[in-house]
2 protein chains.
Amino acid sequence: MRLLLVEDEKELANALMAALSKQGIVIDHAMRLADAGELSRQNTYDVILLDRRLPDGEGLTFIPTLRRAAVLTPVIVLTARNDPKERIEGLDGGADDYLGKPFRVDELMARVRAVLRRPASVVEALIVVGRMTIDPLNLTVTMDKSPFDLPRRELLVLIALAKRQGKTVLRSVLEAAVYNYEEEIKSNALDAHISRLRKRLADCSAGVSVHNIRGVGYLLKDEV
Amino acid sequence: MRLLLVEDEKELANALMAALSKQGIVIDHAMRLADAGELSRQNTYDVILLDRRLPDGEGLTFIPTLRRAAVLTPVIVLTARNDPKERIEGLDGGADDYLGKPFRVDELMARVRAVLRRPASVVEALIVVGRMTIDPLNLTVTMDKSPFDLPRRELLVLIALAKRQGKTVLRSVLEAAVYNYEEEIKSNALDAHISRLRKRLADCSAGVSVHNIRGVGYLLKDEV
DNA sequence: TCCCGACAATTGCACCAGCATTACCGGCTC
DNA sequence: GAGCCGGTAATGCTGGTGCAATTGTCGGGA
């Protein structure tokens, strides 16, 4: 097994490397995000262990970078920043697991094993629907090849719907897609976005429409 | 999303159910392992939340039981037993995640989402009957490959029947499939749903029909 | 064969949760 | 301060669902 450790505290890193290599695990060690990026381009890892506080930035930003490069390796975030809010940020930032420091090496190993049990995740490609092409990674939409700008929240709704194009998306999933779990939604903000999005799509005759499944959620459909 | 909560502390269970059902999540609640087993046989869940200390045994033993029955639903263990040793036991026991009590509901939700991000159980069987294809996991029905929308309760009836296609489904089982075990039914609500479902299936000439076995239950049959 | 009681099917009705739309307004940016 | 974005709330609307009354069907016993 090959593992990438992104961690700037030398002591911890060395301890980990000592412990893990005893178990036959190959470890590459990066102290900075830049190095980590380089390494991950050159090698294929089974797991990435990622510290959040790094000399050249917040570790979490590394996850989107990876995914954009179609690297699906599971990421476990290791960090002292371990209150619930931070953990939620981490998980929703794309981490597969989140482990607060200090931790025991054998717990870490257990989590590594748990993460590896999971089947690999999918790559997200471009989604074509109606006259639109949607890039969920770069958060862009083009319409007949020319850029199509949307307000941020409407964009997020559209992307969430497009990702499961033709299938119903639960209302709660949409909410999760549009809102940080901190900012809770009062009132019908989501409905308002849907309504505005619909109007916009209709105005441009985008070739798609948003349908409602009462009591369940919404779905995006190609128009016939 | 459908979720099985296995937890014997009523207070916690109620709080969770209140919070989660607001997010459009359907929750079934079991207080004992035995009930959990029964429920998991009758339904397909997206996630299982599992307490360890249960009146009829250690919760962890439930995981092998599930896997042996080829149920791949991810399991998140919730428990007060939260020292590292216990956590390792949990994760190596097959849990996909492990969350110590007390926890915040939004952290739980974040972990649920993290676990669901993997498109794991795509393996789930689709049920084909007549011109319809029924996906009991996503609660969707397609008819000749185009989506076929049904009211929620009728959908649940149809799925329950389809799962035992050609075999009789007890009236009581149907009721359990459609209603939370809390909300009891007065009158003949179930009959009404059956009636409406029949009408709808006939109108679309779906190629299936719902038969009654007097005094016992109903069954779904391919039309000849 | 007919009758009767029990169970099942159907349908109209009424209620209300959930949805759609729109106007308004505060905040942010340029 | 003009304009866009986005959250809130008021309003009207719709469709799903529970209920009950009515009608239909089955099957056993006289």
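Convention: sequence-line order gives letters A, B, ...; per-chain numbering from 1. Only a predicted model underlies this, so the values are computations on that prediction, with no experimental measurement involved.
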Any Glu154(B) side-chain heavy atom under 4.5 Å of Leu158(B) side chain = no

For the pair Arg111(B) and Asp97(A), find out whether any cationic side-chain nitrogen is under 4.0 Å from an anionic carboxylate oxygen.
-> yes

Identify whether the distance between the nearest side-chain nitrogen and carboxylate oxygen of Arg53(A) and Glu9(A) falls below 4.0 Å.
-> no

With Arg164(B) via side chain to side chain contact (heavy atoms under 4.5 Å, CB included) - residues at least two apart | Lys167(B), Val169(B)

The side chain to side chain contact (heavy atoms under 4.5 Å, CB included) partners of Arg131(B) (sequence neighbours excluded) come to Met143(B), Asp144(B), Ser205(B)

When the distance from [atom1] of [X] to [atom2] of [N] is rounded to whole Å, what number comes out?
X: Arg200(A); N: dT21(C); atom1: CZ; atom2: C1'; answer: 15 Å
X: Ile213(A); N: dT17(D); atom1: CD1; atom2: P; answer: 12 Å
X: Glu154(B); N: dG15(D); atom1: CD; atom2: P; answer: 14 Å
X: Leu158(A); N: dG6(D); atom1: CG; atom2: C1'; answer: 17 Å
X: Leu197(A); N: dC5(D); atom1: CG; atom2: P; answer: 13 Å
X: Leu150(B); N: dG15(D); atom1: CG; atom2: P; answer: 16 Å
X: Glu175(B); N: dA8(C); atom1: CD; atom2: P; answer: 11 Å
X: Arg153(B); N: dG18(C); atom1: CZ; atom2: P; answer: 12 Å

Dot-bracket for DNA chain D, 5' to 3', with Watson-Crick and G-U pairs under 3.5 Å, [ ] for crossing pairs and | for other-strand pairs: what is it?
-> ||||||||||||||||||||||||||||||

Determine: side-chain N/O of His193(A) to OP1/OP2 of dC5(D), distance under 4.0 Å, yes or no.
-> no

Respond yes when some side-chain nitrogen or oxygen of Arg152(B) is under 4.0 Å from OP1 or OP2 of dT17(D), and no when none is.
-> yes

Are Ser195(B) and His193(B) linked by a side-chain donor-acceptor pair shorter than 3.5 Å?
-> no

Do Tyr98(B) and Arg52(B) have a side chain donor and acceptor closer than 3.5 Å?
-> yes

Please list each protein N or O that sits under 3.5 Å from an N or O in nucleotides 9-11 of chain C, with the distance.
from: dA9(C); atom 1: OP1; to: Arg198(B); atom 2: NH1; distance (Å): 2.6
from: dA9(C); atom 1: OP1; to: Arg198(B); atom 2: NH2; distance (Å): 2.8
from: dA9(C); atom 1: OP2; to: Tyr218(B); atom 2: OH; distance (Å): 2.6
from: dT10(C); atom 1: OP2; to: Ser195(B); atom 2: OG; distance (Å): 3.2
from: dT10(C); atom 1: O4; to: Asn188(B); atom 2: ND2; distance (Å): 3.0

Report all interatomic pairs (protein N or O, nucleotide N or O of nucleotides 25-27 of chain C) with separations under 3.5 Å.
none

Looking at CD1 of Ile159(A) and CD1 of Ile127(A), how far apart are the two atoms once the value is rounded to the nearest 0.5 Å?
-> 7.5 Å

For DNA chain C, whose closest nucleotide is more 5', that of Arg214(A) or that of Gly217(B)?
-> Gly217(B)

Residues in salt bridge (charged side-chain N to carboxylate O under 4.0 Å, His left out) contact with Asp8(A), at least two apart in sequence or another chain | none

Minimal heavy-atom distance between Ala30(B) and Leu39(B), with the atoms involved, is CB-CD1, 3.9 Å

Which atom pair, heavy atoms only, marks the closest approach of Tyr218(B) to Leu174(B)?
-> CD1-CD1, 3.8 Å

